Number of protein chains: 2
Amino acid sequence: MDKQLATKLFESLASGIRLDIFRMLVKHAPTGLVAGEIASKLDLPPTNLSFHLKAMTHASLVIVAQEGRYQRYRANLSVMQSLIDYLTAECCTGNPELCFDADKAITCCDTN
Amino acid sequence: MDKQLATKLFESLASGIRLDIFRMLVKHAPTGLVAGEIASKLDLPPTNLSFHLKAMTHASLVIVAQEGRYQRYRANLSVMQSLIDYLTAECCTGNPELCFDADKAITCCDTN
DNA sequence: TTGACTATACAACAATACTTGAAATATAAA
DNA sequence: TTTATATTTCAAGTATTGTTGTATAGTCAA
């Protein structure tokens, strides 16, 4: 997880709509949902949904697969896990006692 | 941690500059840094830094305290911990097997 | 092949965020 | 009290992001 990817992921999560989309996809993991299902559940115009899904896909926050004429979207849980790890590492730098388990090995880099 | 706060925090982290500021403050926890130190370390015009610090403060990502004519900024590690918990809970919904292993080693960041 | 359906691409516009210099505020030092 | 320092506020402009309707490209079903 480098800074550039982290920034892109935070951008992806920094919108109420996109956060709703992601949470809905997590809730429906590992099946995912097709675009139309998301649009109707969130009551969004399809072009607007498509705009947000494109951004999320480009950030690798979600994964898309074609199914006939449908596009099925799934939450990318592993990249989310990496983001949590990144955030934990950042949060813990120099302050391990404030973070998760004290016995967890944390060896962080210098952040420049 | 409600959705609104989470969104605000993600917004705060969704900029290279603000992420740099936050990581620098984490690195200097619990002492923190005064605004001028941050500005010179990141080579930012003071007005621009002030803009970002204000946003981060408003999102409760950082905490500010006056010290004479200086403003000392500190990372709000507890809200960051709450955000990590929120993200973990969201990520894990229905998929606990994909999330934290108790004995997982944390692999740390690349610079940038 | 035709017609219906799903979703995206494009274009125009609206809204929001970012950057900067000048001015203001507040504290400290001389 | 006067001057210097630290930081923020304000105003203006630039840049980016978000929203919407229309048009387009695929896919399916008859």
Side-chain angles (χ1 to χ4, degrees), chain A residues 3-25 28 31-76, chain B residues 3-25 28 31-76:
Chain A
K3 191 181 99 178
Q4 196 186 343
L5 175 55
T7 303
K8 267 217 165 311
L9 292 169
F10 289 134
E11 271 173 20
S12 275
L13 295 166
S15 133
I17 289 178
R18 290 193 295 268
L19 192 52
D20 283 342
I21 293 170
F22 182 73
R23 298 202 302 165
M24 181 172 295
L25 290 177
H28 287 85
T31 312
L33 293 168
V34 301
E37 291 172 323
I38 303 171
S40 66
K41 277 170 193 276
L42 296 180
D43 194 26
L44 285 175
T47 49
N48 190 12
L49 176 66
S50 195
F51 168 84
H52 289 296
L53 285 174
K54 186 181 176 186
M56 295 170 82
T57 304
H58 193 253
S60 78
L61 188 62
V62 302
I63 294 162
V64 61
Q66 184 159 357
E67 270 184 19
R69 64 181 135 171
Y70 302 90
Q71 299 289 328
R72 179 166 298 274
Y73 286 90
R74 294 182 174 85
N76 187 345
Chain B
K3 191 183 98 178
Q4 196 186 344
L5 175 56
T7 303
K8 268 219 164 310
L9 291 169
F10 289 135
E11 270 173 22
S12 274
L13 296 165
S15 134
I17 289 178
R18 289 192 296 268
L19 193 51
D20 283 342
I21 293 170
F22 182 73
R23 300 203 301 167
M24 181 172 293
L25 290 177
H28 287 86
T31 313
L33 294 168
V34 300
E37 291 172 324
I38 303 171
S40 67
K41 278 170 192 275
L42 296 180
D43 194 27
L44 285 174
T47 49
N48 191 12
L49 176 66
S50 194
F51 169 84
H52 289 295
L53 285 174
K54 186 182 176 184
M56 296 170 83
T57 305
H58 192 254
S60 78
L61 187 60
V62 302
I63 294 162
V64 61
Q66 184 159 356
E67 270 185 18
R69 65 180 137 171
Y70 303 91
Q71 300 286 330
R72 179 166 298 274
Y73 286 89
R74 294 182 174 86
N76 186 346

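No experiment lies behind these values; they were computed from the predicted model shown. In what follows, chains carry the letters A, B, and so on, assigned in the order in which the sequence lines appear, proteins first and then strands, with residues in each chain numbered from 1.
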Can you measure B:His58 atom NE2 to C:dA17 atom P for me and round it to whole angstrom units?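 Atom NE2 in B:His58 sits about 12 Å away from atom P in C:dA17.
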Starting at CG of A:Leu42 and ending at P of D:dT19, how long is that distance when rounded to a whole Å?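 Value for this atom pair: 12 Å.
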Check [X] against [Y] and note the closest heavy-atom contact, atom names and distance.
X: B:Arg74; Y: B:Leu25; value: C-CD1, 4.2 Å
X: A:Asn76; Y: A:Ser60; value: ND2-O, 2.9 Å
X: B:Ala14; Y: B:Arg18; value: C-NH2, 4.4 Å

Is there a side-chain contact (heavy atoms from CB on, under 4.5 Å) between A:Gln4 and A:Thr7? Walk through the geometry before answering. CA-CA 5 Å; A:Gln4 196 186 343; A:Thr7 303; 5.8 Å; no
Working to the nearest 0.5 Å, report the span between CD1 of A:Ile21 and NZ of A:Lys41.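 One finds 13.0 Å between CD1 of A:Ile21 and NZ of A:Lys41.
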Classify every nucleotide of nucleotides 5-18 of chain D by which part a protein heavy atom approaches to under 4.0 Å, writing B for the base, S for the sugar-phosphate alone and - for neither, in 5'-to-3' order. BSSBB--------B
